[in-house]
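In what follows, a structure is listed as structure tokens, so that the remarks can point back to it.
Numbering of residues begins at 1 and proceeds along the displayed sequence. Note that the structure is predicted; figures quoted are calculated from it, not measured.
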Amino acid sequence: MQSSFSHFRNFLLPYLVLAVLQTTLPVHSQGITNGYGGQPPDTTSTDIEYGVIRYSSTPRSDPIAILQARTAPGLKFDPARGYLDSLLEALAINPVSQILVFSRTSINVTNITPQTPRAIYFNDDTYVAWIPGSEAIEIASMDPILGQVFYTLNQDRQAGGKFEQQASQCLRCHDSYSLTGGGVPRFILGSGYIGANGNLVSHEGWILTDPETPLKFRWGGWYVTGKHGDQVHLGNIVVNDPSELQQLDSLRKGNIDKLDALINTRPYLTGYSDIVALMVIEHQVYIQNLITRVNYDLRTALHDYPEFLNASVQGNTDIPESVSRQVRDISEPLIMAMLMVNETALTDPIAGGAGFTEWFENQGPHDSQQRSLRDLDLKTRLFRYPLSYLIYSDAFNKLPLPARQQIYQRLAAILSGEDNTEKFRHLSADDRTAILSILHETKPDFTAVANKQ
């Protein structure tokens, strides 16, 4: 599997994306393999149906759709932040997850500057973006079948907290073929050089980021609080003149406890843009994008075998060998990402300070020894036990059965030491034993497959 950092460096121009919920600036990607086996479709039209997925017409069951169905009489309106506080409470999103981005990559571009950044709050499956004075809250969430779905919530008290589904406008950027449609929906994170007005000052420094990106290239256009030792990043940098980039080190502002010295944080829920939250969201978005690709590709490949889409793990999965090969090929990049192959190593300890670390770790599930896949290392790597906690997510659990079986079988082989190939050498014997034990105690469907091997 090609390094994601090298992969995204090939895309540096003309990406104009920086945040999870970017919805307006067109993105043109290159070199991505279509989930349906061909070249990008005609760029004169936008196809947001995604073939067998039927994106615009399939009923949604993501957290916002569920909230819509059960919210009565509605969300509570606050004069200071509108529906934000009530929405976060309803979605069980803790304000300590706050991260702040000041690039103008949003519907509400006129409201975003380095002095009034956009706040993003998130949990395992939903992202909420709020800007002081904006007319709408932007929301993105994971649907177990459709993948990434998008909404706005009007900040008009008279509207009563009504969600508006967004599709074509958001998918102009959030599709992996951008304007053309035909790829898969995705979340987006990136890094670049931003000026005092919130706009890009140089195309040449722009990259999409993920857990394989070296820290020194991450978080341009974001605020970053927390400790990171001698490791450097691009957070907290506002470029007044492109010539300043010749002395980039002089612009760096690192190891900041709170943002009060840089901006007025009173309108926001906290004074932090937590470095640990930033690292976790990069991992989460990376895995969710791969889950969506596996889901779309396999639902397409299995379209002629509907009996395998809704079966239980204990069911019969004797599908033709030609399809089995597709299952193996499609699933392997997700397996590698979930096991954090090629993740950038930390050279100094990381610490957030906003309370995010404790909130995140406490969610579990935990095994009988109180170990969890959410346990953070923050010394040499992000997670103590390198297997993604998103193995518990609804989106993962709703992957087509052959995909889940293939992933469980591969994990059992890797964690037992049967597969000890070079790409998995970052997993020590203790790592493998611990992860395998945690899975057996917290993931019964994994055990059902692993015990059959």
Side-chain angles (χ1 to χ4, degrees), residues 4 18-21 63 88 91-101 119-129 140-142 148 186-191 208-215 217-219 222-228 231 233 235 269-270 272-291 334 337-346 348-366 371-396 435 438:
S4 287
L18 186 63
V20 174
L21 303 170
L88 296 182
L91 293 169
I93 297 177
N94 196 312
V96 298
S97 66
Q98 175 178 290
I99 50 179
L100 301 178
V101 56
I120 296 175
Y121 306 90
F122 68 99
N123 59 15
D124 288 5
D125 47 32
T126 307
Y127 306 88
V128 174
S141 62
M142 279 293 286
Q148 290 80 347
R186 60 176 177 171
F187 298 130
I188 295 172
L189 289 169
S191 176
L208 298 182
T209 60
D210 65 28
E212 299 176 22
T213 307
L215 263 62
F217 298 120
R218 298 191 201 182
W219 309 320
W222 299 80
Y223 285 114
V224 182
T225 60
K227 301 299 185 183
H228 46 83
Q231 299 164 118
H233 56 74
L269 289 171
T270 82
Y272 302 92
S273 184
D274 191 282
I275 189 171
V276 179
L278 283 162
M279 295 184 71
V280 168
I281 200 174
E282 283 171 330
H283 167 83
Q284 183 166 297
V285 163
Y286 185 43
I287 299 298
Q288 287 172 332
N289 288 345
L290 285 169
I291 287 174
L334 175 58
M338 293 184 74
L339 288 169
M340 305 176 200
V341 175
N342 297 324
E343 179 188 43
T344 292
L346 301 178
D348 276 319
I350 296 285
F356 174 83
T357 298
E358 295 77 12
W359 172 69
F360 178 80
E361 290 184 323
N362 286 339
Q363 294 176 65
H366 297 85
R371 297 175 302 185
S372 169
L373 296 181
R374 292 180 184 270
D375 290 346
L376 297 166
D377 177 77
L378 303 179
K379 298 179 180 66
T380 61
R381 59 193 183 194
L382 180 56
F383 290 97
R384 183 175 180 182
Y385 306 111
L387 175 66
S388 179
Y389 60 94
L390 291 174
I391 198 169
Y392 303 111
S393 68
D394 200 24
F396 181 90
I435 295 169
I438 293 169

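Listed for the T213 side chain is no donor-acceptor partner under 3.5 Å among the backbone atoms of R218. With hydrogens and angles ignored, the 3.5 Å screen pairs a side-chain donor or acceptor of D377 with a backbone N or O of T380. The main-chain N or O of P365 is found under 3.5 Å from a side-chain atom of S372 such that the two form a donor-acceptor pair. In this structure a side-chain-to-backbone donor-acceptor pair under 3.5 Å is missing from Q288 to Q148.
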- Message: Set out, in order, the CA-CA distance, both residues' side-chain angles and the distance that settles side-chain contact (heavy atoms from CB on, under 4.5 Å) for L373 and I391, then state yes or no.
- Response: CA-CA 9 Å; L373 296 181; I391 198 169; 4.0 Å; yes
Given side-chain contact (heavy atoms from CB on, under 4.5 Å), test D394 with M142 step by step and report yes or no.
-> CA-CA 9 Å; D394 200 24; M142 279 293 286; over 6 Å; no
(message) The test is side-chain contact (heavy atoms from CB on, under 4.5 Å); show your working for I281 and Y286 and say whether it passes.
(response) CA-CA 8 Å; I281 200 174; Y286 185 43; over 6 Å; no
Full working for side-chain contact (heavy atoms from CB on, under 4.5 Å) between Q284 and L390:
CA-CA 7 Å; Q284 183 166 297; L390 291 174; 3.9 Å; yes
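Contact check for I350 versus M279: side-chain heavy atoms found under the 4.5 Å cut-off. The closest side-chain heavy-atom distance from Y121 to L269 is below 4.5 Å. Within the 4.5 Å cutoff, side-chain heavy atoms of R371 are placed close to those of I438. L334 has its side chain within reach of I291: a pair of non-hydrogen atoms, C-beta onward, lies under 4.5 Å apart. F356 has its side chain out of reach of Q98: every pair of non-hydrogen atoms, C-beta onward, lies at least 4.5 Å apart. In this structure, the side chains of P63 and D125 come closer than 4.5 Å at one or more pairs of heavy atoms. Side-chain contact between R186 and I188: present, with at least one pair of heavy atoms (C-beta onward) separated by less than 4.5 Å. Using a 4.5 Å heavy-atom cutoff, the side chains of E343 and R381 are in contact.
Atom CG of L346 and atom CG of L215 lie 6.5 Å apart (nearest 0.5 Å). The CG atom of D274 sits 5.5 Å away from the OG1 atom of T357 when rounded to the nearest 0.5 Å. A distance of 12.5 Å separates OH in Y385 from CG in L387, rounded to the nearest 0.5 Å. Note that CD1 of I275 is 11.0 Å distant from NZ of K227, once rounded to the nearest 0.5 Å.
Contact between T209 and S191 at its shortest, heavy atoms only, is CG2-CB, 3.8 Å. Shown here for I99 and A277, the closest heavy-atom pair between the two residues is CG2-CB, 3.9 Å. R374 approaches E361 most closely through the heavy-atom pair O-CG, 3.5 Å. Between W359 and A92, the shortest heavy-atom contact is CZ2-O, 4.1 Å. In this structure, H366 and Q363 approach most closely via the heavy-atom pair CE1-C, 4.5 Å. In plain terms, the two heavy atoms of V276 and L378 that are nearest each other are CG2-CD1, 4.1 Å.
Looking at T344 and E212, their side chains never bring a donor and an acceptor atom within 3.5 Å of each other.
A perpendicular orientation is assigned to the rings of Y389 and F360, their planes being inclined by more than 60° (bins at 30° and 60°). Using bins of under 30°, 30° to 60° and over 60° for the plane-to-plane angle, the ring pair Y127/F122 lands in the parallel bin.
The side chain to side chain contact (heavy atoms under 4.5 Å, CB included) test with I120 singles out one residue from V101, V128, L278, L100, and that residue is V101.
Between F383 and H283, the ring centre distance stays below 6.0 Å.
At most 12 heavy atoms of other shown residues, nucleotides or ligands fall within 6.0 angstrom of atom CZ in R384.
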